[in-house]
Asker: 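Questions regarding the structure given below will be posed in turn.
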Amino acid sequence: MDYTTRPREFNFNQKVYEIVKKIPKGKVTTYGSIAKMLGDPHLSRQVGWVLHANKSSEVPCHRVVDRTGRLAPNFAFDGAEEQRRRLESEGVGFADEIHVDLNSCLWQE
DNA sequence: AAAGTGACGCATT
DNA sequence: TAATGCGCCACTT
């Protein structure tokens with residue numbers, strides 16, 4: 001990481017990771033929620049960027065969806081199907097093929 | 001260096 | 001109700 005030119009970004013990334021790691025099993029959260037927890041509701045896009053940059057890692061990014069509950073892109077993991085499968089096995093309910101049931105599974109501090 | 005792009009979200013048309 | 005536009009910020013070309 002380049003602290004000189006991107007000090008803010010570095011800190012932001014760390015925070016995002018910390019939050020995502022805290023998501024309990026069987027729950028999901030949204031990019032917007034994470035951004036809000038960080039203090040700036042408008043950083044939702046960056047949250048997505050951070051997760052994409054890290055994708056498959058120690059961070060359970062499959063528990064992060066957009067504000068409608070829609071699963072992220074087919075580009076992540078092995079495809080949206082894989083993500084849905086993982087979420088379902090954790091007990092996350094689905095409204096339809098690509099939308100989680102935020103009503104009962106949305107996690108918030 | 002400038003413009004285009006994107007794991008988003010909200011307001012407006 | 002659906003479609004479009006704009007803000008936000010880092011990345012890529």
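Below, chain A is the first sequence line, B the second, and so on; all start at residue 1. Nothing here was measured: the structure is a model prediction, and the numbers come from that model. Basis for what follows: all heavy atoms, side chains included, without hydrogens, waters or symmetry-related copies.
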Asker: Between B:dC10, B:dC8, B:dA7, spot the one nearest the side chain of A:R67, thanks.
Answerer: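 So the side chain of A:R67 is nearest to B:dC10.
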Asker: A:K15 has an atom NZ; how far is it from atom P of C:dA10, in whole Å?
Answerer: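 In whole Å, C:dA10 P and A:K15 NZ are 14 Å from each other.
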Asker: In whole angstrom, give me the gap between the C1' atoms of C:dA2 and B:dA7.
Answerer: 23 Å
Asker: Looking only at the side chain of A:D66 (C-beta and beyond, no hydrogens), which of the listed nucleotides C:dC8, C:dC11, B:dC8 gets closest?
Answerer: B:dC8
Asker: Would you kindly check whether a donor in the side chain of A:R45 faces an acceptor in the base of B:dG9, or vice versa, at under 3.5 angstrom?
Answerer: no
Asker: So which of A:V92, A:L87, A:I23 actually passes side chain to side chain contact (heavy atoms under 4.5 Å, CB included) with A:H62?
Answerer: A:L87
Asker: Taking side chain as C-beta onward, heavy atoms only, is A:I34 less than 4.5 Å from A:T29?
Answerer: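 The answer is yes; the side chains approach within 4.5 Å.
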Asker: Starting at atom CH2 of A:W49, determine the distance to atom C1' of B:dC8, rounded to an integer number of angstrom.
Answerer: 15 Å
Asker: In whole angstrom, give me the gap between the P atoms of B:dG4 and C:dG5.
Answerer: 14 Å
Asker: Quick one: A:K36 NZ to B:dC10 P, roughly how many Å, whole number?
Answerer: 7 Å
Asker: Taking the same atom, P, in C:dC6 and in B:dA3, what whole-Å distance lies between them?
Answerer: 16 Å
Asker: Provide, to the nearest angstrom, the distance between the OH atom belonging to A:Y31 and the C1' atom belonging to B:dG6.
Answerer: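 Computing the A:Y31:OH to B:dG6:C1' distance gives 11 Å.
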Asker: Expressed as a whole number of angstroms, how long is the span from A:L43:CG to B:dA7:P?
Answerer: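 Checked: the CG to P distance equals 17 Å.
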Asker: Strictly below 4.0 Å, N to O, side chains only: are A:R63 and A:E90 in salt-bridge contact?
Answerer: yes
Asker: Measure from CG on A:L38 to P on B:dC8 and round the result to the nearest Å.
Answerer: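 Checked: the CG to P distance equals 16 Å.
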Asker: Using whole Å, what does the distance between atom C1' of nucleotide B:dA7 and atom CG of A:L87 come to?
Answerer: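 Result: 14 Å.
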Asker: Please tell me whether A:V59 and A:L38 are part of a single hydrophobic cluster in this structure, the criterion being side-chain heavy atoms less than 4.5 Å apart.
Answerer: yes
Asker: Rounded to whole angstroms, how far apart are CZ on A:F12 and P on C:dC11?
Answerer: 12 Å
Asker: Apply the side chain to side chain contact (heavy atoms under 4.5 Å, CB included) test between A:L43 and each candidate in A:Y31, A:F12, A:W49; give the one that qualifies.
Answerer: A:F12
